[in-house]
Amino acid sequence: MKIAEIIVDVPTRQTNKTFDYKIPETLEAVIKPGIRVIIPFGPRKVMGFVVGIKEETAITNSALKKISEAMDVFPVLTDELLDLGKWIAEETISFYIITFQAMLPQALKVKYHKQIELLTDNKEELPSSIAAIMADRDLIDFDEFQQRNGNYSQLLKAAQEGLLEISYMVKSKATKKTILYLTPIKEIQAFDEALQDIPLQAKKQRIIVEHFLYNPESIPQKELLEKFQTTAGSINPLIKLGLIKKEYKEVYRDPFKNKDLERTYALPLAVQQQEAINPILKAIQKVQHEVFLLHGVTGSGKTEVYLQAIEQVLNNGKEAIVLVPEIALTPQMVNRFKGRFGKKVAVLHSALSKGEKFDEWRKIQQKKVQVVVGARSAIFAPFENLGIIIIDEEHETTYKQDEQPRYDAKEVAKYRARYHNCPVVLGSATPTLETFARAKKGVYHLLELPHRMNEGPMPAVEIVDMRNELHRGNRTMFSEKLMEEIKIRIARQEQIVLFLNRRGYSTFVMCRDCGHVMNCPHCDIALTYHKSSHLLKCHYCAYETGMPATCEECESDTIRFFGTGTQKVEESIQQLIPEARVIRMDVDTTRKKGAHETLLKKFGGHEADILLGTQMIAKGLDFKNVTLVGVLAADAMLHFADFRASEKTFQLLTQVSGRAGRHELPGEVVIQTYTPEHYSIEMASKYQYNQFFAHEMKVRKTFHYPPYYFLTLITISHQNQIRVMEVGKMIRQLLTKHLSERATVLGPTPSPLVRINDRYRYQCMVKYRDEPNLKEIIRKILTHYHDEMKKNDLSIQVDFEPNHLM
DNA sequence: AGCACGCCGACT
DNA sequence: GTCGGCGTGCTC
């Protein structure tokens with residue numbers, strides 16, 4: 001007898017292992033590793049992933065249960081992805097089931113339905129309260145039973161007596177969209193003959209028969225009915241005659257259906273691009289795993305290198321994965337891939353609906369496409385013949401998931417590429433220190449694109465010291481220089497991008513009389529004023545409150561706004577340059593689906609002079625009319641207590657600067673800062689990546705940070721601050737005791753944000769170079785606190801190689 | 001997660 | 001003596 005090893009959909013420590021089930025003979029042909037099944041688990045039914053098939057089991061035969069149902073016909077996880085999932089679960093200390101779910105589209109998750117099913121015909125046998133709820137029905141949802149205050153112990157008793165059954169339904173959320181087609185099933189002559197027989201007054205029927213006579217193909221019923229302005233009434237007789245049949249065909253929801261993209265062809269490569277692509281093509285041809293770092297300044301033509309490398313891969317009959325950060329922000333990028341490879345491309349990104357994502361995924365599973373362009377999770381595209389993996393803007397932190405499982409798509413890419421013997425290309429103008437260090441050491445193959453494609457110079461950058469502005473009595477957030485440049489562009493009908501990394505109106509609200517600052521009652525953070533809604537909002541939890549007229553401490557009415565957010569900037573531009581048309585892009589204006597694209601399209605069509613935005617406008621935008629980029633507060637992120645603050649600032653400034661002067665018109669950048677002497681601002685303004693790298697590496701070495709040391713961050717949180725500190729101290733002790741002397745254990749220290757959502761957060765950090773036992777020790781610590789975590793809402797989060805320390 | 005089991009106090 | 005509170009441990 002065949003036995004299946006199954007990971008069940010119950011995310012707990014105790015169930016994080018395989019369970020053995022008998023495969024019923026009827027299912028033997030279908031059940032394979034990677035198939036989802038429904039199984040009895042304890043008293044209920046749950047979904048599970050088959051991860052292995054074997055002949056024998058250590059479980060006594062009487063305890064062994066049978067698989068109830070198969071949920072898939074074809075495996076949703078390939079053997080490769082099953083192995084990968086297991087590896088990720090172990091690397092990140094996550095449950096297997098969580099990892100498998102993370103590798104699949106949301107739509108493949110299941111819902112559980114608990115129901116009460118009546119078994120007896122005679123309702124009189126039931127306790128009266130239950131009979132009342134059931135009324136004249138034989139089946140009700142358990143939810144309803146609970147809502148109407150049903151008596152649970154009576155219900156259990158009735159179930160034991162066999163009067164009713166508590167049943168568990170596992171429901172698939174996946175919906176395949178189908179369309180009703182009409183298909184001719186007789187030869188043309190039959191239609192000709194039918195025309196003789198159908199009475200003349202049945203005009204519409206005759207028209208339809210004629211249609212099929214000349215177009216003997218399947219056609220959606222809806223389309224046919226619309227074409228001839230008729231109803232299903234004139235179709236049915238033809239079906240009775242056996243001329244045509246109704247047939248449901250699966251269709252894919254196409255998020256791009258309303259777009260006509262012009263087909264593009266390979267562009268001639270510049271010398272530097274040719275030199276960069278050759279080693280990649282060689283690796284593709286030799287079916288050899290190798291990691292390339294494509295280090296190219298903004299506008300140097302990295303995308304064309306990607307496109308032509310993929311073309312080679314497709315010619316070899318293989319497939320390609322392209323990861324881009326938060327793809328919804330870069331429709332321009334997606335359009336380039338769609339334009340080049342057309343129907344061969346599937347797109348997976350967060351702006352798609354669940355159904356749309358599922359459809360795109362199915363196109364991959366069914367081998368209908370060969371290229372995937374997508375955000376982080378697209379790295380799990382179920383291709384079986386990968387020829388290349390490309391990760392654009394590799395320095396972006398979004399490639400690491402910041403919840404369980406905390407996988408890093410870059411590491412997953414390398415794992416998959418090793419399996420498939422194919423190259424990985426990491427592309428960036430500002431690679432992370434880790435990546436660039438590996439490239440310099442020769443672990444990665446470094447490819448450089450030092451020049452812009454248009455042969456133009458990088459835009460000139462001017463740093464403005466805002467302290468001087470203040471001394472000169474300029475109290476606006478615009479320096480004279482920036483204001484002047486903005487006015488020039490507007491007069492010349494050129495466009496401007498303004499960048500400010502803070503949304504809302506003001507960053508804090510303070511009483512001038514007593515100095516009281518309005519804080520979030522649940523988090524240790526100042527509330528941000530949002531003018532449009534006249535609300536004070538917390539950016540870390542959902543808290544919001546009306547703006548008070550007087551100070552809540554001293555009742556003075558001199559409450560003032562401090563700090564600047566995008567809303568306030570928008571307002572002042574309107575005041576200072578009334579004729580300027582501004583588009584504001586931040587989380588608040590792009591919440592709606594498709595809002596990104598609409599706003600960018602407007603800007604692209606020159607319906608506005610200024611694009612003002614946060615983070616989200618820093619990446620990938622390419623507008624030929626933009627000749628000025630203004631960074632309003634370059635030091636905003638510099639003062640975060642984070643060892644990557646300098647690196648992030650350098651990357652951001654370089655990326656933003658790259659938005660200017662990408663085409664014929666020369667670009668200019670104005671950076672406003674209060675710390676113009678800081679090396680990351682100074683070097684970014686001169687595009688000195690290598691100098692910045694050298695300088696920052698020294699800093700990292702001195703302070704024992706990556707890439708010289710590995711980091712592991714353990715964050716403990718609980719409502720009770722004392723308990724958090726106690727647990728933190730204990731964890732520190734355990735780590736110090738079991739790790740080697742070469743490892744440093746720091747903490748527990750309060751997180752940069754001590755309290756979020758009424759929970760105190762403390763962290764311990766481990767710095768190390770080689771601690772093979774670290775994972776095992778942490779696992780033991782987690783086991784030790786397992787009960788308290790379950791019962792007392794204690795949380796211990798482990799983040800290996802964290803992106804930030806927040 | 002859900003549920004059974006089993007050990008304790010409160011009650012007919 | 002029994003009912004029900006919740007702490008503990010198991011689910012192939």
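So that the names make sense, note that chain A is the first sequence line, chain B the second, and so on, each numbered from 1. Only heavy atoms go into these numbers, but all of them, side chains included; no hydrogens, no water, no symmetry mates. Given the structure is predicted, the values throughout are model-derived calculations rather than measurements.
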Enquirer: Rounded at 0.5 Å granularity, tell me how far OH in Tyr540(A) sits from SG in Cys523(A).
Expert: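 Here the interatomic distance stands at 9.5 Å.
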Enquirer: Within the distance-only criterion (no hydrogens, no angle test), does the side chain of Ser94(A) pair as donor or acceptor with the backbone N or O of Glu90(A) below 3.5 angstrom?
Expert: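 Not a single qualifying donor-acceptor pair exists.
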Enquirer: So, Tyr407(A) side chain and Thr99(A) main chain: donor-acceptor pair closer than 3.5 Å or not?
Expert: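 No; zero donor-acceptor contacts below 3.5 Å.
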Enquirer: What is the distance from CZ of Phe142(A) to P of dA1(B), rounded to the nearest Å?
Expert: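 Value for this atom pair: 17 Å.
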Enquirer: Could you walk me through whether Leu348(A) and Ile364(A) satisfy the side-chain contact (heavy atoms from CB on, under 4.5 Å) test, starting with their C-alpha distance in whole Å, then the side-chain angles of each, then the deciding distance to 0.1 Å, before giving a yes or no?
Expert: CA-CA 11 Å; Leu348(A) 284 167; Ile364(A) 307 166; 4.0 Å; yes
Enquirer: Classify every nucleotide of nucleotides 6-12 of chain C by which part a protein heavy atom approaches to under 4.0 Å, writing B for the base, S for the sugar-phosphate alone and - for neither, in 5'-to-3' order.
Expert: --S-BBB
Enquirer: Evaluate whether atom NZ of Lys45(A) has more than 12 neighbouring non-hydrogen atoms of other residues, nucleotides or ligands under 6.0 angstrom away.
Expert: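 Open: at most 12 neighbouring heavy atoms sit under 6.0 Å from NZ of Lys45(A).
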Enquirer: Check the distance between dG2(B)'s P and Asp143(A)'s CG and give it to me in whole angstrom.
Expert: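 Nearest whole value for this atom pair: 11 Å.
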Enquirer: Distance check needed: dA1(B) P versus Met169(A) CE, whole Å only.
Expert: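 To the nearest whole Å, that distance equals 22 Å.
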